[in-house]
Amino acid sequence: MPAISAYASSKLILLGEHAVVYGEPAIAIPFFGLKMRAMIEPLIGSPSGTIHIFAPSLGLNHDLQNLSEDNLVAKSIILTLASLGIVQNPTCKISIFADVPLSSGLGGSAAIAIVIMRALSAFLGHPLKQDMLNHLAFQTETLMHGTPSGIDNTVIVYEKPIYFVKGKEVEFITPAGPFTFLVADSGVKKSTASTVQQVANNRQTDSDYYNTLIRQIGDCSRRGKSALEEGNAVSLGEVLNEDQSLLEQMNLSCPELDNLINHAKQAGALGAKLTGGGKGGHMLTLVEESDIENVRSALWEAGATQVYQAKLSASEKHA
Ligand code: PMV
């Protein structure tokens with residue numbers, strides 16, 4: 001079997017994170033600026049059926065049999081083999097290289113699962129179809145986050161902007177862009193499972209307040225979809241700001257994110273908000289072409305540990 005390589009993009013949630021867990025719509029786009037990559041090659045000289053995993057950024061240099069079944073990498077391999085009906089493990093080495101930081105709101109766990117599933121199924125000569133890949137990656141997301149909405153795995157599998165409602169067929173959006181976003185890392189790591197749990201707990205103790213905020217976030221996604229389809233950057237910027245204010249009221253921001261968001265707005269951004277699980281991780285900001293460099297400098301000055309650029313264009317092609 002020849003060596004195979006594959007990649008999976010990361011993703012940006014433009015609007016609707018957390019509310020999407022409770023049935024409200026959310027909008028996400030794939031982000032090709034940061035990717036997970038995997039390479040699979042035959043393993044010569046090892047006992048038959050050995051799958052060796054080399055993933056330096058995950059701290060892994062192990063055979064599959066030495067990983068617990070609920071390890072994300074192990075689970076992704078096991079689910080792929082089971083879905084293809086393979087009972088005898090192939091003898092191979094899986095190397096995983098991660099540009100996408102984990103626990104930072106960019107869909108890192110879904111991207112790891114998807115890149116492994118893509119590479120392994122292709123290595124075995126039966127590349128998984130997108131629907132099956134999405135179904136399997138939802139299972140690994142459940143293992144990682146407990147009650148995922150499924151938005152991360154869906155946008156990363158289909159690699160198109162999506163308007164997503166949990167449990168419903170995915171709707172693809174064609175933005176009448178171009179829209180340019182800068183994406184900045186706050187440097188604070190926070191697991192999505194913990195912020196999802198925080199919202200669940202708070203919603204239980206203060207259900208009217210939280211349900212109202214959740215519905216209002218859903219409304220931001222509905223209006224954001226129209227703004228994207230109309231190519232209206234000013235209106236999209238306003239909705240991003242409104243969503244951020246609702247997320248702050250849900251206690252999902254943090255001083256580092258607030259600082260980045262405020263600096264971006266002061267430097268002329270049309271809108272700015274956290275993206276993903278919150279309480280750390282990344283923020284995104286919508287900028288007009290003429291303000292890109294001002295806002296980029298403001299983000300670095302405000303303590304961003306990384307700044308990336310993402311463009312969403314009318315043709316759906318973006319980077
Ligand atoms: O932090 P991320 O990249 O895993 O995004 C989480 C998005 C949430 O809406 C907070 C959770 C979910 O399952 O949709």
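Note that ligands are numbered from 1 as they come in the structure, with each ligand's atoms numbered from 1 the same way. Keep in mind that the numbers below use all heavy atoms, side chains included, and drop hydrogens, waters and symmetry copies.
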Flag, side chain of [X] to backbone of [Y], donor-acceptor distance under 3.5 Å:
X	Y	value
Arg118	Val157	yes
Lys279	Asn251	yes
Lys273	Leu14	yes

If hydrophobic clusters are built by linking Ile, Leu, Val, Met, Phe, Trp and Tyr wherever their side-chain heavy atoms come under 4.5 Å apart, do Phe97 and Leu102 end up in the same one?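 No: no chain of side-chain contacts under 4.5 Å links Phe97 to Leu102.
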
Numbering as shown, the atoms of ligand 1 that approach [X] to under 4.0 Å (heavy-atom distance):
X	value
Glu17	9 (O)
Val21	11 (C), 12 (C), 13 (O), 14 (O)
Asp152	2 (P), 3 (O), 4 (O), 5 (O)
Ile151	14 (O)
Val20	9 (O), 14 (O)
Gly107	3 (O)
Ser149	12 (C), 13 (O), 14 (O)
Thr192	1 (O), 2 (P), 4 (O), 6 (C)

heavy-atom search around atom 7 (C) of ligand 1 in the protein gives Ile13 CD1, 3.6 Å

To check your reading of the model: name the closest protein heavy atom to atom 9 (O) of ligand 1, its residue, and the distance in Å.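 Of every protein heavy atom, His18 N, 2.9 Å lies nearest to atom 9 (O) of ligand 1.
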
Could [X] and [Y] be called an ion pair, given the rule that one side-chain N must be under 4.0 Å from one carboxylate O?
X	Y	result
Glu238	Arg223	no
Glu24	Arg222	yes
Lys35	Asp99	no

Contact check, Lys11 vs ligand 1, heavy-atom distance below 4.0 Å: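 Lys11 counts as a contact of ligand 1 under the 4.0 Å cut-off.
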
Is the cationic atom of Lys311 (NZ for Lys, CZ for Arg) positioned less than 6.0 Å from the six-membered ring centroid of Phe179 and within 45 degrees of its normal? no

Please indicate whether any nitrogen or oxygen in Gly277 is less than 3.5 Å from any nitrogen or oxygen in ligand 1. yes

How about Ser10 and Ile156: do any of their side-chain heavy atoms sit closer than 4.5 Å? no

Backbone, side chain, both or neither: what part of Thr195 comes under 4.0 angstrom of ligand 1, heavy atoms only? neither

